[in-house]
Protein chains: 2
Amino acid sequence: MAARKKTYFAVLGLLSWKPMSGYDIKKFVEMGISHFWNESYGQLFPTLSRLVDEGLATKEQAQGSGRRKRFLYTITDQGREALEEWLRAPSEPVRTRSELTLKFFLSCRRPPAEAARLLEEHRSQLEERLEEYTESERTLARAVETGALPDEVGHLLQADSEEESALDLRPEALMFYLTLRQGILVLQARLAWCDEAAAALKPNPSNLGAVTQ
Amino acid sequence: MAARKKTYFAVLGLLSWKPMSGYDIKKFVEMGISHFWNESYGQLFPTLSRLVDEGLATKEQAQGSGRRKRFLYTITDQGREALEEWLRAPSEPVRTRSELTLKFFLSCRRPPAEAARLLEEHRSQLEERLEEYTESERTLARAVETGALPDEVGHLLQADSEEESALDLRPEALMFYLTLRQGILVLQARLAWCDEAAAALKPNPSNLGAVTQ
DNA sequence: CTTCAATATATCAAACTGATATATCTAGTG
DNA sequence: CACTAGATATATCAGTTTGATATATTGAAG
């Protein structure tokens, strides 16, 4: 047997916010919460079918833009119960697989330039992401007070019925903001590590003091 | 098609340090580098077979403790070439799936106590790990200067031939130390986030100033 | 002398990834 | 107006990874 059906409950959780299609969910995860979660189509569609089979969600045909087919999935009461149970259950710690850290580690007995190069690659990867996150952070900090989420995720959460009063999305905005802050803090920590590691590997190891603090 | 054979090259990389058995590799990863990497038996044994099939490693029967069967895998020249190529190739960024962060995010419209409880669970999970890491850090900081790695990993790296002069493992110790530092910095960042998030969710949101910095 | 933990290899179902196939509609370009 | 690129939308598949378990031997502790 394998694993704990993370996708299964993740999807259920997202449906508890709003009925969505498979495509919507993918976009939502990608645009909104990719710093701490991810889903692939290959897992998404089978999972949605399974949720329907097991009575935790319902599937209905909806209007896609134009004449495209589009299936909206809605959580059921039974689904909400299952979700709550999962929310209360103990959670797995994060498992990380960092290819760059592994390569760095392995470069131990190789020319010193190699470790340095890997740290540079690592740093530039992190900086690129940090820039994106910092950009989002500004938008979200405003959204926490106004409820105006960026459209990529906002349009999925807004009430679809025409004239209805717009939902107040400030609670959601706060969650987007806070979880993004986590992403930023972790990135900054990783960047700080790059500095530390680079310093420790500098040709002249006057660093030995620094290394042991 | 899927993926980039990370296990394949990870195993090859570890074998480039020292010939090992499947069990050794598992233990090495678990004891030594689990803060940034992990491998499961289910992937390890098939991968080892494949490395042998493709000429990147050789398999030979060796003496297990007592009369147990034990297979030692040794990297070949072709293996070293393939490894170097991989080391130079661009690397995938880390993808994280944090169950606790997801639950926290989803708890948006639920009783506030729930988000608080999840943050507490998160914090205690992180603190537990941080304690272990901090313990290791002390040992490794010493090992950086003496080369005396903790036995769990050290015995795998020491020359097996009886009277041979012991290898100087200080370069390896430095890598263990530095990558562990990464793990510590990231844990600390996550803990700092728990504080930040808890503060932002405190009943009286005099935090709005704090939230927007 | 028995039971427990460590050593050691191996396999499997289930979960997950990354790529790709298919098709429709929208907007912009020449 | 025709063409094309990109967004919308569902779906599948091979390859990768996980977590659990099966099996067997040995060493140490009680």
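Residue numbering restarts at 1 for every chain, and letters A, B, ... go by the order of the sequence lines. Remember, predicted model here, so these are calculated numbers, not experimental data.
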Measure from the side chain of [X], starting at C-beta and using heavy atoms only, and say which of [options] lies closest.
X        : options                   : result
Tyr73(B) : dG18(C), dA10(C), dG19(D) : dA10(C)
Tyr41(A) : dA6(C), dT17(C), dT10(D)  : dT10(D)
Glu92(B) : dG18(C), dT17(C), dT16(D) : dG18(C)
Lys27(B) : dT17(C), dT18(D), dT7(C)  : dT7(C)
Gln43(B) : dT16(D), dT12(D), dT11(C) : dT16(D)

Give [X] one of three labels, base, sugar-phosphate or nothing, depending on what nucleic acid heavy atoms sit under 4.0 Å from its own.
X         : value
Arg4(A)   : nothing
Glu152(B) : nothing
Phe71(A)  : sugar-phosphate
Gly42(A)  : base

Can you tell me how far [atom2] of [N] sits from [atom1] of [X], to the nearest Å?
X         : N       : atom1 : atom2 : result
Glu30(A)  : dA7(D)  : CD    : P     : 11 Å
Asn38(A)  : dA15(C) : CG    : C1'   : 13 Å
Leu44(A)  : dC13(D) : CG    : P     : 17 Å
Phe45(B)  : dT7(C)  : CZ    : P     : 14 Å
Met20(B)  : dT9(C)  : CE    : C1'   : 17 Å
Tyr8(A)   : dA13(C) : OH    : P     : 21 Å
Arg97(A)  : dC16(C) : CZ    : C1'   : 12 Å
His155(B) : dA8(C)  : NE2   : P     : 8 Å

Under 4.0 angstrom between [X] side-chain N/O and [N] OP1 or OP2:
X        : N       : result
Arg95(B) : dG18(C) : yes
Tyr23(B) : dT7(C)  : yes
Arg70(B) : dT25(D) : no

Side-chain donor-acceptor contact under 3.5 Å, [X] with [Y]:
X        : Y        : answer
Arg97(A) : Thr7(B)  : yes
Trp37(B) : Glu39(B) : yes
Tyr8(B)  : Glu54(B) : yes

Could you pick out which residue, Lys6(A) or Lys59(A), lies toward the 5' side of DNA chain D when each is mapped onto its nearest nucleotide? Lys59(A)
Closest nucleotide of DNA chain D for Ser21(A) versus for Thr7(B): which of these residues is on the 5' side? Ser21(A)
Should the pair Arg138(A)-Glu135(A) be classified as a salt bridge under the 4.0 Å nitrogen-to-oxygen rule? yes
With a sphere of 6.0 Å drawn around CD of Glu131(B), does it hold more than 12 non-hydrogen atoms of other residues, nucleotides or ligands? no
If you count the non-hydrogen atoms of other residues, nucleotides and ligands that lie under 6.0 Å from CG in Asp77(B), is the total more than 12? no
